[in-house]
Colleague: 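This is the structure, below, for whatever I ask next.
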Amino acid sequence: MALVYFVNCGMSFGLASGRIDFSLGTDPKKSALALDELNHCIDQLIQDGLTFKELSEAKKKTIYLESLSRQSNAAFGKEVANNELMGLE
(Lines give C-alpha, C1' and ligand atoms only; values in the text may rest on other atoms or scores of the structure.)
Protein backbone atom coordinates (compact mmCIF):
# COMPACT_ATOMS: atom_id res chain seq x y z
CA MET A 1 0.00 0.00 0.00
CA ALA A 2 1.59 3.26 -1.11
CA LEU A 3 0.78 5.93 1.44
CA VAL A 4 2.76 8.96 0.29
CA TYR A 5 4.36 10.22 -2.92
CA PHE A 6 7.06 12.23 -1.17
CA VAL A 7 8.18 13.38 2.26
CA ASN A 8 10.21 16.53 2.65
CA CYS A 9 11.79 18.39 5.52
CA GLY A 10 13.38 21.82 5.52
CA MET A 11 14.71 24.39 7.92
CA SER A 12 14.86 28.17 7.78
CA PHE A 13 16.27 30.82 10.06
CA GLY A 14 16.77 34.54 10.23
CA LEU A 15 16.75 37.17 12.92
CA ALA A 16 14.16 35.27 14.99
CA SER A 17 14.19 31.61 15.90
CA GLY A 18 13.89 29.29 12.92
CA ARG A 19 11.48 26.56 12.05
CA ILE A 20 11.55 23.04 10.71
CA ASP A 21 8.97 22.19 8.06
CA PHE A 22 7.66 18.73 7.24
CA SER A 23 5.51 18.09 4.19
CA LEU A 24 4.22 15.08 2.34
CA GLY A 25 2.20 14.33 -0.74
CA THR A 26 -0.50 11.69 -0.72
CA ASP A 27 -3.80 10.65 -2.20
CA PRO A 28 -6.49 12.86 -0.62
CA LYS A 29 -8.31 9.71 0.49
CA LYS A 30 -5.23 8.71 2.50
CA SER A 31 -4.39 12.14 3.93
CA ALA A 32 -5.66 11.48 7.46
CA LEU A 33 -3.64 8.27 7.76
CA ALA A 34 -0.56 9.86 6.20
CA LEU A 35 -0.77 12.83 8.60
CA ASP A 36 -1.14 10.48 11.58
CA GLU A 37 1.96 8.56 10.46
CA LEU A 38 3.95 11.77 9.93
CA ASN A 39 2.96 13.03 13.40
CA HIS A 40 3.97 9.66 14.88
CA CYS A 41 7.39 9.92 13.21
CA ILE A 42 7.86 13.49 14.47
CA ASP A 43 6.88 12.46 18.01
CA GLN A 44 9.33 9.56 17.83
CA LEU A 45 12.07 11.91 16.62
CA ILE A 46 11.39 14.30 19.49
CA GLN A 47 11.40 11.48 22.03
CA ASP A 48 14.32 9.37 20.76
CA GLY A 49 16.43 11.90 18.87
CA LEU A 50 18.70 10.95 15.99
CA THR A 51 21.18 8.11 15.87
CA PHE A 52 24.84 8.98 15.30
CA LYS A 53 24.61 7.53 11.79
CA GLU A 54 21.51 9.60 10.91
CA LEU A 55 23.11 12.77 12.24
CA SER A 56 26.36 12.07 10.38
CA GLU A 57 24.53 11.47 7.08
CA ALA A 58 22.45 14.63 7.56
CA LYS A 59 25.58 16.70 8.20
CA LYS A 60 27.26 15.37 5.06
CA LYS A 61 24.19 16.10 2.94
CA THR A 62 23.79 19.58 4.44
CA ILE A 63 27.43 20.48 3.76
CA TYR A 64 27.16 19.20 0.19
CA LEU A 65 23.89 20.99 -0.57
CA GLU A 66 25.10 24.21 1.07
CA SER A 67 28.27 24.28 -1.01
CA LEU A 68 26.26 23.54 -4.15
CA SER A 69 23.68 26.24 -3.41
CA ARG A 70 26.34 28.92 -2.90
CA GLN A 71 27.30 28.73 -6.55
CA SER A 72 24.39 30.86 -7.86
CA ASN A 73 23.93 34.62 -8.04
CA ALA A 74 20.66 34.25 -6.13
CA ALA A 75 22.47 32.53 -3.26
CA PHE A 76 25.10 35.26 -3.17
CA GLY A 77 22.37 37.93 -3.08
CA LYS A 78 20.58 36.13 -0.26
CA GLU A 79 23.78 35.91 1.76
CA VAL A 80 24.53 39.61 1.25
CA ALA A 81 20.96 40.54 2.27
CA ASN A 82 21.14 38.38 5.43
CA ASN A 83 24.49 39.86 6.35
CA GLU A 84 23.06 43.37 5.91
CA LEU A 85 20.07 42.54 8.15
CA MET A 86 22.34 41.12 10.84
CA GLY A 87 24.77 44.02 10.70
CA LEU A 88 27.64 41.98 9.31
CA GLU A 89 30.07 43.22 6.70
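Computed from a predicted structure; not experimentally measured. For the single chain, residues carry numbers from 1 onward in sequence order.
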Colleague: Looking only at heavy atoms, what is the nearest atom pair of T26 and S31, with distance?
Modeller: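 Minimum heavy-atom separation between T26 and S31: CG2-CA, 3.7 Å.
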
Colleague: Throw together a table of side-chain donor-acceptor distances under 3.5 angstrom for residues 60-68, partners on residues two or more places apart or in other chains.
Modeller:
unit_1	atom_1	unit_2	atom_2	d
T62	OG1	A58	O	2.8
E66	OE2	R70	NE	3.0
E66	OE2	R70	NH2	3.2
S67	OG	I63	O	3.3
S67	OG	Y64	O	2.8

Colleague: Using residues 38-53 as the side-chain source, report each donor-acceptor pair under 3.5 Å to any protein atom, sequence neighbours left out, with the distance given to one decimal.
Modeller:
unit_1	atom_1	unit_2	atom_2	d
N39	ND2	L35	O	3.3
T51	OG1	E54	N	3.1
T51	OG1	E54	OE1	3.3

Colleague: Using a side-chain heavy atom cutoff under 4.5 Å and only I, L, V, M, F, W and Y, what cluster partners does V80 have?
Modeller: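 Same cluster as V80: F76.
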
